[in-house]
Amino acid sequence: MSESKVVLSCIQPTGNLHLGRYFGALQNWEKLQDKYDCLYGIVNYHAMTMPYDRKKLIPSTWELAFNMAACGLKVDNIFVQSLIPEHAELGWIFNCITGFGELGRMTQFKDKSQQVRESQKEAVISSGLYSYPVLQAADILIYRADYVPVGKDQEQHLELTRNIGQRFNHLVGEEYFTLPEPLFTQVPKVMSTADPTRKMSASLGDKHNIDVFTDPSRIRKQIRSAMTDTGSDEGEMSPGVENLFSLLKASGQIDVYQDLLAAYNSGQRHYGTLKDAVADAIIELTEPIRERKAEIVGDKKKFKEQVRESSVAIRKKAQQTVKEVKEKMGLLNVRN
Ligand code: TRP
């Protein structure tokens, strides 16, 4: 059934896998596998661009691999970036055809360098952080991806990727690279239940995100303590209540969602009932994911071997691209 269009996306091995990330990315990535040739990377070279703990990077890399597979991504589609060093090699070549000023306009660089500055440690803003979008372009173009499912925050990086691809094509006088399109699918907006004015995120702290792999009793507790409003019948729906409704809908309980929404609109605002329904829905949705994870971690050795093998297979495509690019750019290859 595959249309053989290539879909590629990547995720950094930082932070836990919470519902925001699940609904925003992984749930959609899983579905795309039915229609496309999908590649999903764990980008550990990217994780080095911000201050990080060297001892934790390998465990987090594996943990993310377990979690991705638990969410239904096929092992054959998963790779680890550092097992495919050609990403870095192509990234270097792209650095040499990317304008310095072009990178200075990236808003994510502005935000993240500010974060480093504020972290106050002796942390330096690395030039890796600056050229990060170039490595991202290499991640994408190296596999000739047609579509890249990402959030709106990555739009600028995708635009840069297309510019780099186009520049390269112009330089070598042929349509060598496919210019990838971002795939902005409708994703539910998931806010922190502790502060529904902020996006659910790993960096805000534990109470600001619901971990997919946490035990159901904690999920229930987090939902029970979700911020709602004072329960008055006046005015518009509060951000907290809106978030509970979005969680319910995102969790696939459309009938329950519609019933409770109708009840809310007719003035019956029993947040206890709503919260129970949301907790039930999330627990039910995530149960199979937790079960799959348990299976995977039951034989970590086997699973890790599979990820290494899939990375070796995926690497072949990357090697082919880099070999051709080097030829076109006047660089000597090991053979021919
Ligand atoms: N920059 C992306 C992020 O922060 C991660 C990423 C790296 C990526 N390389 C990619 C996403 C290639 C899509 C395609 O979320």
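Atoms within a ligand are numbered from 1 in the order they appear, just like the ligands themselves. Both backbone and side-chain heavy atoms feed into the values below; hydrogens, waters and symmetry mates do not. For the single chain, residues carry numbers from 1 onward in sequence order.
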Step-by-step ring pair (Phe, Tyr, Trp, His ring centres under 6.0 Å) determination, Phe177 to Phe94: CA-CA 12 Å; Phe177 283 119; Phe94 284 169; 5.7 Å; yes
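Residue-level contacts of ligand 1 at the 4.0 Å heavy-atom threshold are Leu8, Ser9, Cys10, Gln12, Val43, His46, Tyr132, Gln136, Asp139, Ile140, Val148, Val150, Gln154.
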Which side-chain N or O atoms in residues 299-308 pair as donor and acceptor under 3.5 Å with protein atoms at least two apart or in another chain?
{"from": "Asp299", "atom 1": "OD1", "to": "Lys302", "atom 2": "N", "distance (Å)": "3.2"}

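In this structure, CG in Leu285 is found 8.0 Å from CG in Leu19, a value given to the nearest 0.5 Å. The CD atom of Gln115 sits 11.0 Å away from atom CD1 of Ile125, with the distance rounded to the nearest 0.5 Å.
For Tyr143 and His87, the ring centers are positioned less than 6.0 Å apart.
For the pair Arg144 and Tyr176, the cation sits on the ring face: its NZ or CZ lies under 6.0 Å from the ring centre, inside 45° of the axis.
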